[in-house]
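To start, the structure itself, in structure tokens.
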Amino acid sequence: MLYPNDIYDKFSKIPFLKLLPPLILGVIVADSVNFNVLTLLAVYALFLVGFIIFRRETPHRIFSFLLIFFIGMTSVKVLAPEEDIPQNVRIIAECKITDNLVNKGKWQNTTAKVEAYRLASLYDTVWQKSNEYIILYIDSTYKVSIGDNITCYLYVNPLDTVGGQSGYARTMRSRGYLGRAYVSAGNILYKTKYAPETFWQEIIFASKRVQRVLNRRIIENKEEARDSGVAMALLTGDKQLLDSNIREAYSKAGFSHVLAISGLHLGIIFLFLNFFLSPLLFVRKGKIIRTIMIIIILWTYCFITGLSASVMRSAFMLSLMQISFLTTRNYNSYNALFSSAFVLILVNPYFIYDMSFQMSYLAILTILFFFPRLKRWSRADKVEYWLLNRSKGEQGFKKFIFLGARRGFQFVTGAILVGISAQIGVTPITGYFFGIFPLLNIFINPIIMVLMMQIMFMGFIYLTIFDTPAGTLVGEIFSTLISALNNVVEWTSSFRVASIEYGNLSLIGLYISYAVIILIMIIIKWFEYRKIRLAHV
């Protein structure tokens with residue numbers, strides 16, 4: 001309960017809520033400041049002295065804010081990419097293929113690390129070392145695979161057509177990509193097979209190999225081509241078989257995020273596991289066992305989806321939240337969420353420009369706030385309580401029926417309310433990046449969430465037991481669920497009012513949207529506080 005004198009104590013349980021804003025502000029300001037690292041460290045040392053000397057509350061808070069602010073600025077200056085490869089200039093580059101290739105007709109798309117380059121000139125024979133990653137389009141007539149080294153002529157172009165200033169370009173730059181390049185077969189000088197040099201590279205390539213094996217198992221399940229593409233996108237993160245029609249349907253219906261492995265998918269697994277492993281809490285050491293199992297499964301999912309940065313980031317965030325739940329007596333999920341964001345921004349300050357990073361944290365933040373309230377307002381908890389009480393008065397099979405009904409009701413209502421809560425957080429940002437405001441999304445999203453949970457559950461069972469007699473039955477169920485998901489999305493997109501395409505939401509509009517959401521959250525908290533205060537007058 002929240003009393004007037006407890007407001008400060010309530011916020012004191014979320015210390016990272018106070019630390020995160022100055023860190024983000026420092027990262028944003030850093031690009032417009034020309035100070036070098038040594039100057040920033042000197043200023044930081046002065047503020048540190050002030051922080052130590054002045055112990056009064058107000059100066060102490062000011063100096064702590066400035067310290068975190070300058071940590072954010074310094075992290076940008078230290079970790080900023082060098083961008084040493086010249087753009088729009090013909091060069092000869094040694095490129096290491098670092099991802100599975102996606103065939104797109106004339107071109108096969110992948111990512112590559114440029115390890116060395118020189119200008120394509122007879123007079124320039126000096127090779128420059130590099131550590132930059134690019135998005136590489138290779139002529140599909142040329143056979144190349146992950147792990148290969150190719151030496152080729154290429155032009156490194158900006159990630160977009162407006163000089164790298166779009167939201168997409170900033171997102172890709174935050175993930176470490178400098179630009180993109182197209183290489184025809186005639187511009188490839190030679191190719192060599194690559195052997196991993198480090199243990200981490202071996203893990204990455206092993207992950208990609210497992211991803212290919214699982215993709216073959218999905219294709220062998222003999223779904224329709226459109227269903228196989230969606231199944232691969234959901235389970236392994238490979239979007240190679242997605243055709244343009246199904247992409248357009250998901251985009252128009254407002255469900256594009258379903259096809260891109262992100263924090264949403266990890267969040268579904270996280271909630272699903274916490275729900276179904278909750279009986280372990282009544283077993284000795286069950287809390288520890290549940291935490292270990294959830295973390296292992298989350299990172300296993302990262303492994304089979306290719307260990308992409310966005311998925312690993314989400315896994316780290318959720319793992320930290322699970323560990324906080326285990327180790328903290330007065331667990332505060334908000335503090336666990338903000339602390340994981342704080343650590344990740346320190347590791348890579350450019351994450352704040354990454355769309356998937358923003359969407360993951362906004363979705364989880366609104367789920368944490370709105371989900372328990374929507375559950376209370378919808379009276380879903382009352383139904384659960386009634387089913388639990390009925391089970392206590394029954395014996396044998398009837399008791400099992402009521403307990404099963406309660407579990408099923410929790411699962412379905414949980415999926416629906418989690419979907420609605422997440423949608424509140426991500427709708428403005430999808431409007432900003434994609435220029436689409438889905439109108440039917442809020443009503444159809446609960447169905448999509450339930451289907452996604454069932455698809456991921458049955459899909460992983462199928463991938464595990466596909467070559468057993470039971471695997472055939474599970475594969476049929478899995479195919480039916482995938483087909484149902486696609487049918488719902490295509491049916492939704494068929495309506496004229498499925499979405500409004502109005503051009504990308506302006507930055508001001510984005511800020512206003514989130515200001516309104518924050519205002520609504522404050523008003524809700526105020527009414528809750530007022531209700532509690534009146535009850536104790």
Side-chain angles (χ1 to χ4, degrees), residues 100 102-103 208-262 264-269 271-273 275-276 297 300-306 311 408 411-412 414-416 418-419 440-441 444-494 498:
N100 291 323
V102 178
N103 197 310
K208 304 297 183 182
R209 288 192 292 268
V210 169
Q211 189 182 43
R212 286 202 302 269
V213 170
L214 296 179
N215 285 340
R216 284 198 294 270
R217 292 184 181 181
I218 292 172
I219 294 171
E220 288 170 4
N221 196 35
K222 298 181 178 59
E223 298 110 337
E224 294 181 20
R226 63 154 199 175
D227 295 346
S228 295
V230 172
M232 286 168 55
L234 284 175
L235 295 182
T236 68
D238 192 327
K239 294 181 281 188
Q240 181 174 352
L241 295 185
L242 284 174
D243 62 59
S244 57
N245 291 331
I246 201 69
R247 284 178 183 267
E248 185 179 352
Y250 273 81
S251 176
K252 186 177 179 182
F255 298 116
S256 296
H257 57 282
V258 170
L259 299 177
I261 297 292
S262 65
L264 170 66
H265 301 71
L266 267 293
I268 288 174
I269 296 173
L271 294 170
F272 187 87
L273 291 173
F275 175 74
F276 278 97
I297 293 172
T300 300
Y301 183 65
C302 285
F303 184 80
I304 67 174
T305 55
V311 180
F411 177 76
V412 173
I416 292 171
V418 164
L440 299 181
N441 180 292
I444 307 300
N445 195 65
I447 301 173
I448 298 296
M449 289 292 293
V450 172
L451 285 172
M452 277 186 67
M453 285 188 174
Q454 294 173 338
I455 285 168
M456 297 180 77
F457 179 68
M458 298 304 297
F460 290 132
I461 292 178
Y462 167 72
L463 292 176
T464 304
I465 64 170
F466 83 107
D467 55 352
T468 66
T472 304
L473 175 60
V474 174
E476 288 292 333
I477 298 172
F478 176 60
S479 297
T480 302
L481 290 170
I482 287 286
S483 181
L485 175 67
N486 287 334
N487 289 337
V488 170
V489 171
E490 289 177 336
W491 175 77
T492 305
S493 66
S494 67

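The chain is numbered in sequence order, starting from 1. All values below come from the heavy atoms of this structure, side chains included, with hydrogens, waters and symmetry mates left out.
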Roughly how far, to the nearest 0.5 Å, is [atom2] of [Y] from [atom1] of [X]?
{"X": "Asn486", "Y": "Ser493", "atom1": "CG", "atom2": "OG", "result": "10.5 Å"}
{"X": "Ile448", "Y": "Tyr250", "atom1": "CD1", "atom2": "OH", "result": "6.5 Å"}
{"X": "Thr236", "Y": "Lys208", "atom1": "OG1", "atom2": "NZ", "result": "10.0 Å"}
{"X": "Thr492", "Y": "Asn487", "atom1": "OG1", "atom2": "CG", "result": "10.5 Å"}
{"X": "Leu266", "Y": "Thr305", "atom1": "CG", "atom2": "OG1", "result": "7.5 Å"}
{"X": "Met458", "Y": "Thr480", "atom1": "CE", "atom2": "OG1", "result": "9.5 Å"}

Over all atoms of both residues, closest heavy-atom pair of [X] and [Y]:
{"X": "Val311", "Y": "Cys302", "value": "CG1-SG, 3.4 Å"}
{"X": "Ala249", "Y": "Glu490", "value": "CB-CG, 4.1 Å"}
{"X": "Ile218", "Y": "Ser228", "value": "CG2-O, 4.1 Å"}
{"X": "Ile455", "Y": "Leu235", "value": "O-CD2, 4.4 Å"}

The side-chain contact (heavy atoms from CB on, under 4.5 Å) partner of Leu214 among Arg217, Gln211, Arg212 is Arg217
Next item on the list: Quick one: sort the Tyr462 and Phe478 rings into parallel, tilted or perpendicular, breaks at 30° and 60°.
Entry: parallel
message: Atom CZ of residue position Phe303 - does it have more than 12 heavy atoms of other residues, nucleotides or ligands inside 6.0 Å?
response: yes
Val230 and Val489, any side-chain heavy atoms less than 4.5 Å apart
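No - every pair of side-chain heavy atoms lies 4.5 Å or more apart.
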Q.
Under a 3.5 Å distance rule, please check whether Ser483 uses its side chain to pair with a backbone N or O of Ser479 as donor and acceptor.
A. no
*Intermediate values then yes/no, side-chain contact (heavy atoms from CB on, under 4.5 Å), Phe460 and Ile269*: CA-CA 11 Å; Phe460 290 132; Ile269 296 173; 4.2 Å; yes
